[in-house]
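Atom set for the values below is all heavy atoms of this structure, side chains included, hydrogens, waters and symmetry mates excluded.
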Amino acid sequence: MGIWPNRGGRSVEKQTAHCTTTGCEHIAVSTISGDALCRRHFIDICYTRLERYEELRKKRGLNVMGAEAMRRFIHECSRQADEIEHTATDLENLDRAKLLHIILTASELGRFLRRSPRKVAAIPVRVSCERLGGAWAEDSKTVLLSRYGASVQCNHPAKPGDSLQIIRFDTGQKAEARVAWQRPFENESVRIGVEFVNCDNFWGLDWSAVEESR
């Protein structure tokens, strides 16, 4: 049974929490910035804020604190949109399309944020996907690292928005990740960009030193 904290600090059961939007009586299915939201209001808020962040990005109106808030929101809304899309049993096609659009829009916005410097490194990893009807796993290696993800060689049909698990062969560490992009590469191989979910500095590097030497 899921437990969510409300703004007063008191925990509430996910199954009985109601949307905190004024006048809404629907059951909450997610939280954004501490507010419990039903599916419709979750979708509405995601669209509104993603559109606002896109305008700020175009106008270069993001300061350091704004960019960090944008990163947190992108991560939060895309993770929960993915969870709703995969677990909801009463999802209509229109809502499913909206959730997938939110995930892709958030991923595109995330690509424009320079969240950390990049480092060329070939670290052996196992990449696996548990997608229903299309599970796969392969041993691969990284191409570029960042504090929040990596680009990885991949020979399977990973799509933006797909949930993955990354395991390092050298340390045995595991991390949940999401595909941000997929691009063909030379010799008919494919590279994918992955962003970690709830994981900071999976690669264990001193990023300030990487920044200085970039």
Quiz item: With a 4.5 Å heavy-atom cut-off, do S78 and R178 have their side chains touching?
Solution: yes
Quiz prompt | C24 side, atom SG; H41 side, atom NE2 - distance, nearest 0.5 Å | solution = 5.0 Å
Quiz item: Linking I/L/V/M/F/W/Y whenever their side-chain heavy atoms sit closer than 4.5 Å, directly or via other members, would L109 and I103 fall into one cluster?
Solution: no
Exercise. Could you tell me the separation between the CG atom of N155 and the CZ atom of R191, rounded to the nearest 0.5 Å?
Key: 12.0 Å
Quiz prompt | Approximate separation, where rounding is to 0.5 Å, of L99 CG and E83 CD | solution = 11.5 Å
All N/O donor-acceptor pairs, side-chain side in residues 88-98, below 3.5 Å, sequence neighbours left out:
{"residue": "D90", "atom": "OD1", "partner": "R39", "partner atom": "NH2", "Å": "2.6"}
{"residue": "R96", "atom": "NH1", "partner": "E85", "partner atom": "O", "Å": "3.2"}
{"residue": "R96", "atom": "NH1", "partner": "E85", "partner atom": "OE2", "Å": "2.8"}

Self-check item: E76 side chain near I32 side chain, heavy-atom distance below 4.5 Å
Solution: yes
Quiz item: Considering only heavy atoms from C-beta outward, does the side chain of E138 approach that of R126 to under 4.5 Å?
Solution: no
Quiz item: Within the side chain of R168, is there an N or O that forms a donor-acceptor pair under 3.5 Å with the backbone of F202?
Solution: yes
Quiz prompt | T31 (side chain) donor-acceptor with G34 (main chain) under 3.5 angstrom | solution = no
Quiz item: Just wondering, are more than 12 heavy atoms of other shown residues or ligands nearer than 6.0 Å to NE2 in H86?
Solution: yes
Quiz prompt | Nearest heavy atoms of C38 and V29, plus distance in Å | solution = C-CG2, 3.8 Å
Quiz item: Does one hydrophobic cluster hold both L104 and W181, with members joined at side-chain heavy-atom distances below 4.5 Å?
Solution: no
Quiz prompt | Single-linkage hydrophobic cluster V190~V127, side-chain heavy atoms < 4.5 angstrom | solution = yes
Self-check item: Minimal non-hydrogen separation, T142 against A121, with atom names
Solution: OG1-O, 2.6 Å
Quiz prompt | Distance-minimising heavy-atom pair for S140 and V152 | solution = OG-CG1, 3.7 Å
Practice problem: To the nearest 0.5 angstrom, please state how far the CD1 atom of I192 sits from the CG atom of D162. | Solution: 8.5 Å
Self-check item: Heavy-atom side-chain contact between K141 and Q153 under 4.5 Å
Solution: yes
Self-check item: CG-OG distance between N201 and S146, expressed to the nearest 0.5 angstrom
Solution: 9.5 Å
Exercise. Find out if a path of hydrophobic residues (ILVMFWY) with successive side-chain heavy-atom gaps under 4.5 Å connects M70 to I45.
Key: yes
Quiz item: Any chain of hydrophobic side-chain contacts (each under 4.5 Å) joining L144 to V125?
Solution: no
Quiz item: Looking only at heavy atoms, what is the nearest atom pair of G161 and D82, with distance?
Solution: O-OD1, 3.4 Å
Exercise. Would you mind listing every salt bridge (Lys or Arg N to Asp or Glu O under 4.0 Å) that reaches into residues 18-29, with sequence neighbours excluded?
Key: none
Quiz prompt | Straight-line distance of E195 CD to S107 OG, nearest 0.5 Å | solution = 5.5 Å
Practice problem: Determine the minimum heavy-atom distance between W203 and G149, stating which atoms define it. | Solution: NE1-O, 3.0 Å
Quiz item: Do Y47 and T105 touch side chain to side chain, with heavy atoms closer than 4.5 Å?
Solution: no
Quiz item: Would H18 and H26 satisfy side-chain contact (heavy atoms from CB on, under 4.5 Å), going step by step from the backbone distance to the final call?
Solution: CA-CA 6 Å; H18 283 78; H26 290 94; over 6 Å; no
Quiz item: Which pair of non-hydrogen atoms, one from W136 and one from C154, has the smallest distance, and what is that distance?
Solution: CH2-SG, 3.8 Å
